[in-house]
Number of protein chains: 2
Amino acid sequence: MRPTVHDIAAEAGVSLATVDRVLNNRPGVRSVTRDKVERAIATLGYVRDVAAANLAKGRSYSLIFILPAGENSFMRGLEAEVRAARARLAAERTEIAILCVPAFDVCAMADALAEARRQRPAGVAVVAVDAPEVAQAVEHLREDGIAVVTLVSDLPGSTRDHFAGVDNIAAGRTAGNLMGRFLGDRAGPVAVVAGSMLVRDHRERLEGFQAVMRQCFDTRLLLPVVEGQDDAALVEKLVSALLERHPDLAGIYSLGAGNRGLVAALEKAGRAEAVCAIAHELTPYSRTALLSGAIDVLLNQDAGHEVRSAIRVLKAKADGLAVIEAQERIRIDIFLKDNLPIEQA
Amino acid sequence: MRPTVHDIAAEAGVSLATVDRVLNNRPGVRSVTRDKVERAIATLGYVRDVAAANLAKGRSYSLIFILPAGENSFMRGLEAEVRAARARLAAERTEIAILCVPAFDVCAMADALAEARRQRPAGVAVVAVDAPEVAQAVEHLREDGIAVVTLVSDLPGSTRDHFAGVDNIAAGRTAGNLMGRFLGDRAGPVAVVAGSMLVRDHRERLEGFQAVMRQCFDTRLLLPVVEGQDDAALVEKLVSALLERHPDLAGIYSLGAGNRGLVAALEKAGRAEAVCAIAHELTPYSRTALLSGAIDVLLNQDAGHEVRSAIRVLKAKADGLAVIEAQERIRIDIFLKDNLPIEQA
DNA sequence: ATATTTTTGATTTACGTACATCAAATCTTC
DNA sequence: GAAGATTTGATGTACGTAAATCAAAAATAT
């Protein structure tokens, strides 16, 4: 049987009230007495029952998630994961509210953060737009003792408690390594399609990709980056142009969204097989393209993991507890058609 | 404020006792009354506070982990993860005991399972040896209503509740795909080093690897499998022989343990760079080899994830709850030197 | 209508911890 | 050794649910 506070009191030869004073370090205990109690705790191996403690304290966690609106598949998947987590955590004194704001809109995001602050939650998770106004709004939250976690996209200039997302430089490097090795001695240049260089993730992926290509595959010609604004139609136009201009194009690294356009362009040109395509994020579209061979490798961040990690960290930070960094590291998934997880309904 | 059972009683116009009868489906409630209560639950959006319920019930989970003894790096890492989880879960009414049994010893494992059964835990997690006696012992546990999860290595002939591990056929296919593409047009045969064909994981990895090589890279000569018994010294000897016999050896897939031997052989022959090596499990040794270039790709299963997943599933099964399959799927990590996680102390 | 069974209400205790109050005991200090 | 301050004990209530008891009410059977 696990020891309780009563057992500690008996073992230490003090009253329950004194044990309580020691456990919750309240004043009015002589150090000799405190020692006695602490020794009893150690010998009996007492650990506080957090469930009972939270019940007694009436502790509950209210969290707010701020996500970009719009029809980005990945972001909608992320939202679905937040909703799933909310349903599960309803039974565990944790309430989650979701705020959707227009994508890439600095003012809207700052406003949403201010609104979140007004609601005085225990913590806020935000897919951050990398702007000073947003960093400023995060500071205000932190000043009010609200835990803040950035999700997917970080905000390095701020004092956010934690970033729940992948190392995008490493992701870019990985893409570079795979591209270089997959192409081997095959001739032809490599193109990079980004969403926008204004977004931190994309800049970092590009940086990593270019670094590896320069370092390890320096004979390979790297074409200038084109920006598709994460828009499928624009991406298709740009990639079609690339394919036309470079009949010997060997590979394409698509580090943003809009993969539908990439695949459409490749297939219309009849070069889906010939060109080695590496893209990001597993969505219904990219899954199909991977299986058909139009895309060769998909790099992915698991939205479910990111959301669950963000929640764990927010709760821990709200209670002033340490987080296990190793457990909260979000890994870069590499999917080939052979290790694609079964599609879920 | 979240509604409580009292609120339900008030809303439904019945007593607390009746609400309790409905919630815990005890007998003695007319269906009309039951409906009233259920409607109140729905309208107020009541969800049972599991922490309070478990406290009241005095519910606690005792789990037993059965792991192979020996100096296998991966298994010791797994044990460390179990210990870490035990320390964390002590505060959450979950007690974990660890039983180590000699590796690959069918009798010892059956005995351990019988011993576990005697202790009447809520659940048992076991790194299963694939043998009928073990499956039989698992049946006995299940008959006693004890939840059973296989860990890392499955036991398909049994009625275990769940398998917490990776799809090893997919892992083998992934290795095959990467090997084929990394080698490209380079000439030379590919060798496979297994631990033992008596172990299910290894058989499955081999099956997947061979299938992809035959299917997609059929011009590549695949040498007959050699078995290194997961022993570094033996692996070194076998790989050295392979290197000598095949001066044009292009690649090696090591699907078992003993990577120290693999790397030693490659380095002594001065062919660490030239030969494309794909191996399994991230350990301090394999990490070094990946960074030095001796190993080109590491496939890994995250022991921490597997342990935490096993615990979640065991608790859910013990309570007769459903598990979220998507959340419990253990992914195959693919590590290149570029996406290797920071080493933890 | 009465007897019998079934359903419901009212109330209490318990789980392990937090927190508050007030009295009693023990220390300081002069 | 008395006055004051500090430390400790005893006790009660609360959190939200589970589970039990016994009485009261309502339904059903005779």
Contact summary for B/Cys100 and B/Glu79, nearest pair of heavy atoms: SG-OE1, 3.9 Å
Shortest non-hydrogen contact from B/Leu282 to B/Asn300? N-OD1, 2.9 Å
Which nucleotides of nucleotides 14-19 of chain D have their base under 4.0 Å from a protein heavy atom (B), which only their sugar-phosphate (S), and which neither (-), written as one string 5' to 3'? -BBBSB
Take nucleotides 23-28 of chain C nucleotide by nucleotide from the 5' end and write B, S or -, depending on whether a protein heavy atom sits under 4.0 Å from the base, only from the sugar-phosphate, or from neither. ----S-
Would you kindly give the [atom1]-to-[atom2] distance between [X] and [N], to the nearest whole Å?
X       : N      : atom1 : atom2 : value
B/Asp35 : C/dT7  : CG    : C1'   : 15 Å
B/Arg21 : C/dT11 : CZ    : P     : 14 Å
A/Arg59 : C/dA18 : CZ    : C1'   : 14 Å
B/Glu92 : C/dT17 : CD    : C1'   : 16 Å

Kindly state each residue pair satisfying salt bridge (Lys or Arg N to Asp or Glu O under 4.0 Å) with at least one member in residues 145-161 of chain A, sequence neighbours excluded. A/Arg142-A/Asp161, A/Asp154-A/Arg160
A/Arg329 versus A/His305, side-chain donor and acceptor atoms under 3.5 Å: no
Under the 3.5 angstrom rule, does the side chain of B/Ser158 hit a backbone N or O of B/Pro156 as a donor-acceptor pair? no
Please confirm whether the shortest side-chain N or O distance from B/Ser15 to OP1 or OP2 of C/dA10 is below 4.0 Å. no
Counting only pairs under 3.5 Å, give me each side-chain donor-acceptor contact of residues 61-75 of chain A, with atom names and distances, residues two or more places apart or in other chains.
| from | atom 1 | to | atom 2 | distance (Å) |
| --- | --- | --- | --- | --- |
| A/Tyr61 | OH | A/Asp319 | OD2 | 2.4 |
| A/Ser62 | OG | A/Ala122 | N | 3.4 |
| A/Asn72 | OD1 | A/Phe74 | N | 2.9 |
| A/Asn72 | OD1 | A/Met75 | N | 3.3 |

Once salt bridge (Lys or Arg N to Asp or Glu O under 4.0 Å) is applied, do any residues pair with B/Arg120, and if so which ones, sequence neighbours excluded? B/Asp144
Who passes side-chain contact (heavy atoms from CB on, under 4.5 Å) against B/Arg86, sequence neighbours left out? B/Arg83, B/Ile96, B/Ile98
